[in-house]
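Note that the structure is predicted; figures quoted are calculated from it, not measured. Only heavy atoms go into these numbers, but all of them, side chains included; no hydrogens, no water, no symmetry mates. In what follows, residues are counted from 1 in the order of the sequence shown.
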Amino acid sequence: MKTWKLVSGIISIVLFAFVMFQSCAAGISNSLAENGESGGSAGLIVAIILLAGGIVSIATRNGSKGGNIALIVLFALCGFTMAGSYADLNVWAAWCLICAVFAAVSLKKGQ
């Protein structure tokens, strides 16, 4: 699980930059269209969660029980409900859910 935590942490940090830029663009398009959706704002929240979760994942890859609990809490805060027309947010939220499941497995195994 140490390798998974390192890899998922690096991927999460890289995805942070991509999701941040994409969310800003979605937020601007929501503002220009005046459609009342909040997908861009939800994407910013998911991007920040990706960054925080990636950092925690890398920092606690050596088997911290508290680190696994923190990963579950961080990655479980997904943006499925607020995606709206920003359909890519469901993909990023699914990545967060996968990372939360693997953190739960790591917690269960005691690694």
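- Put simply, Trp92 and Ile28 are part of two different groups of oily side chains (I, L, V, M, F, W, Y) that touch within less than 4.5 Å, one to the next.
- In terms of heavy atoms, Val19 sits closest to Leu50 at CG2-CD1, 3.9 Å.
- The heavy-atom pair separating Leu89 from Gly43 by the smallest distance is CD1-CA, 3.7 Å.
- Taken from CG in Leu6 to CD1 in Ile58, the straight-line distance is 6.0 Å, to the nearest 0.5 Å.
- Closest non-hydrogen pair, Ala100 versus Ala76, comes out as CB-N, 4.2 Å.
- Each of Val14 and Phe21 belongs to its own hydrophobic cluster when Ile, Leu, Val, Met, Phe, Trp and Tyr are linked at side-chain heavy-atom distances under 4.5 angstrom.
- Between Trp95 and Phe75, the distance from one ring center to the other does not fall under 6.0 angstrom.
- Across all non-hydrogen atoms, the minimal contact from Lys5 to Thr60 is NZ-O, 3.4 Å.
- To the nearest 0.5 Å, atom SG of residue Cys99 and atom CD1 of residue Ile72 are 11.5 Å apart.
- In this structure, CD1 on Ile55 lies 10.0 Å from CG on Leu74, to the nearest 0.5 angstrom.
- Ser57 and Trp4 are not linked by any side-chain donor-acceptor pair at a separation below 3.5 angstrom, with hydrogens and angles left out of the test.
- How far NZ of Lys2 is from CG of Asn62: 5.0 Å, rounded to the nearest 0.5 Å.
- No side-chain heavy atom of Ser12 sits under 4.5 Å from any side-chain heavy atom of Leu51.
- Note that the CG atom of Leu15 and the CD atom of Gln22 stand 10.0 Å from one another [nearest 0.5 Å].
- Using modelled atom types, one finds no donor on one side chain facing an acceptor on the other under 3.5 Å when comparing Lys108 with Asn68.
- By the rule that hydrophobic residues join a cluster once side-chain heavy atoms approach within less than 4.5 Å of another member, Val46 and Ile98 end up as members of one cluster.
- If you chain together hydrophobic residues whose side chains sit under 4.5 Å apart, Leu71 and Val7 fall into the same group.
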